[in-house]
**Q** 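Handing you a structure now.
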Amino acid sequence: MGLKEELYEILEEAKKEVKKIKDKKLFDELRVKFLGKKGELRNILGKLGALGVEEKKEIGQAANEVKDKIQELIDEAAEKIEKQERAARLKKGVPDISVSRTIPPIGYYHPLTVIRDKMIGVFKNMGFSVEEGPELEEEYYNFDALNMPWYHPARDSHDSFYITKGKLMRTHTSPMQARIMQKRKPPLAVVVPGRCFRRDAVDATHSHTFHQMEGLVVDKNITFADLKGTLLTWAKMMFGPQTSIRMRPDYFPFTEPSAELAVTCPICAGKKCSVCKHTGWIEIAGCGLVDPEVFKNIGYDPEQVSGFAFGMGLERIAMVVYGIRDIRYFYENDMRLIEQFVK
Ligand code: DAH
């Protein structure tokens, strides 16, 4: 019998022996027997010295193939038995602590997303619907329709990014008030979450890009009491039932009268702390009754309908709720921050 035949003989023998084995410890013995230093393959390789160059090459190659094949047979069989044993252990209720598990990285909700969704939930429960509007807005909706013609001084407080003549990145979500009223007939109750942009220098409390949620309710006989009741309900749902609200006169061109809304500090429950700058109150929104001029601009009759509106900054609310001290953390995508806000 030639060396090549001997090699294949060894392979056949290995196949038979592998099949017989039922205990995984015996595989090591098989490895030694066939592949070890004094194993059967070595035996044959020892005889290569006596051969010519060509034959040496041929037999050497065949020996390698047989070696790999035997290795594979043993590994496969060992794995199969390992699996059977593991399944048997599990069936008996024995947990397998040796199994390593790679945990895929999971995503987290951004704190602003959590706050936005919570607010949407609260307003939906009160009967509001949700709309979104364009970030690249027409000057008309951003300012003129909201009772801020070009000469209005309030435009100065909205340092704007103009993209082309008559178009800018919206400086607030309020332009959607005009768009919604133009498109629909009262009664309506809508909230509009979205990104806004202002040419503000970035610091711990300012960002050129930020988020607001606008609210608008229009119907017959809507009064300031409706606004107050809605905001009080919202505040209690957002910050807890112990929360009270405070409304102080303010000025916005598109509401009359206008108010600034504050809630009792959710961190110290009004007892005064550094978050509320020792006042017990957190100023959180602008609001008011829709100015008759706005109704006229979009074609509603202010004698027939009335309404209220409010605008809230999501960053400010999230900072208060989570005790985040610097607005820049929201935009850095640092997982150490984001990981803390699994919904
Ligand atoms: N749009 C205002 C701002 O960004 C906030 C605001 C105030 C919205 C009063 C309103 C409102 O709807 O009634 O400063």
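Counting starts at 1 for both ligands and their atoms, in listed order. Sequence positions, counted from 1, serve as the residue numbers for this chain.
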**Q** Can Gln177 be said to touch ligand 1, with heavy atoms closer than 4.0 Å?
**A** yes
**Q** Check this for me, if you would: do Lys33 and Glu17 make a salt bridge, where the nitrogen-to-carboxylate-oxygen distance has to be below 4.0 angstrom?
**A** yes
**Q** As an exercise, identify every atom of ligand 1 less than 4.0 angstrom from a heavy atom of Arg198.
**A**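 Within the 4.0 Å cut-off of Arg198, ligand 1 contributes 3 (C), 4 (O), 14 (O).
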**Q** Less than 6.0 angstrom separating the ring centers of Phe123 and Phe310, yes or no?
**A**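 Yes - the distance between ring centres of Phe123 and Phe310 falls below the 6.0 Å cut-off.
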**Q** Could you tell me whether Phe252 and ligand 1 have an N or O pair separated by under 3.5 Å?
**A**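 There is no such contact.
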**Q** Please work out whether any backbone atom (N, CA, C, O) or any side-chain heavy atom from C-beta onward of Ala309 is under 4.0 Å from ligand 1, and answer side chain, backbone, both or neither.
**A**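 Contact part for Ala309 vs ligand 1: both backbone and side chain.
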**Q** Compute the minimum heavy-atom distance from Phe254 to ligand 1 and say whether it is under 4.0 Å.
**A**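 For ligand 1, residue contact (heavy atoms, under 4.0 Å) with Phe254 is present.
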**Q** Under 3.5 Å, N or O to N or O, is Gln212 touching ligand 1 that way?
**A** yes
**Q** Between the side chains of Arg155 and Asp144, is the shortest nitrogen-to-carboxylate-oxygen separation below 4.0 Å, so that they form an ion pair?
**A** yes
**Q** For Ile298, is there any backbone N or O sitting under 3.5 Å from a side-chain donor or acceptor partner on Gln182?
**A**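 Absent.
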**Q** What are the atoms of ligand 1, with element, lying closer than 4.0 Å to any heavy atom of Glu214?
**A** 8 (C), 10 (C), 12 (O)
**Q** Could you list the atoms of ligand 1 found under 4.0 angstrom from a heavy atom of Gly288?
**A** 13 (O)
**Q** Centroid separation under 6.0 Å, is that true for the rings of His172 and Phe252?
**A** no
**Q** So, Glu283 and Lys277, do they make that salt bridge, N to O below 4.0 Å?
**A** no
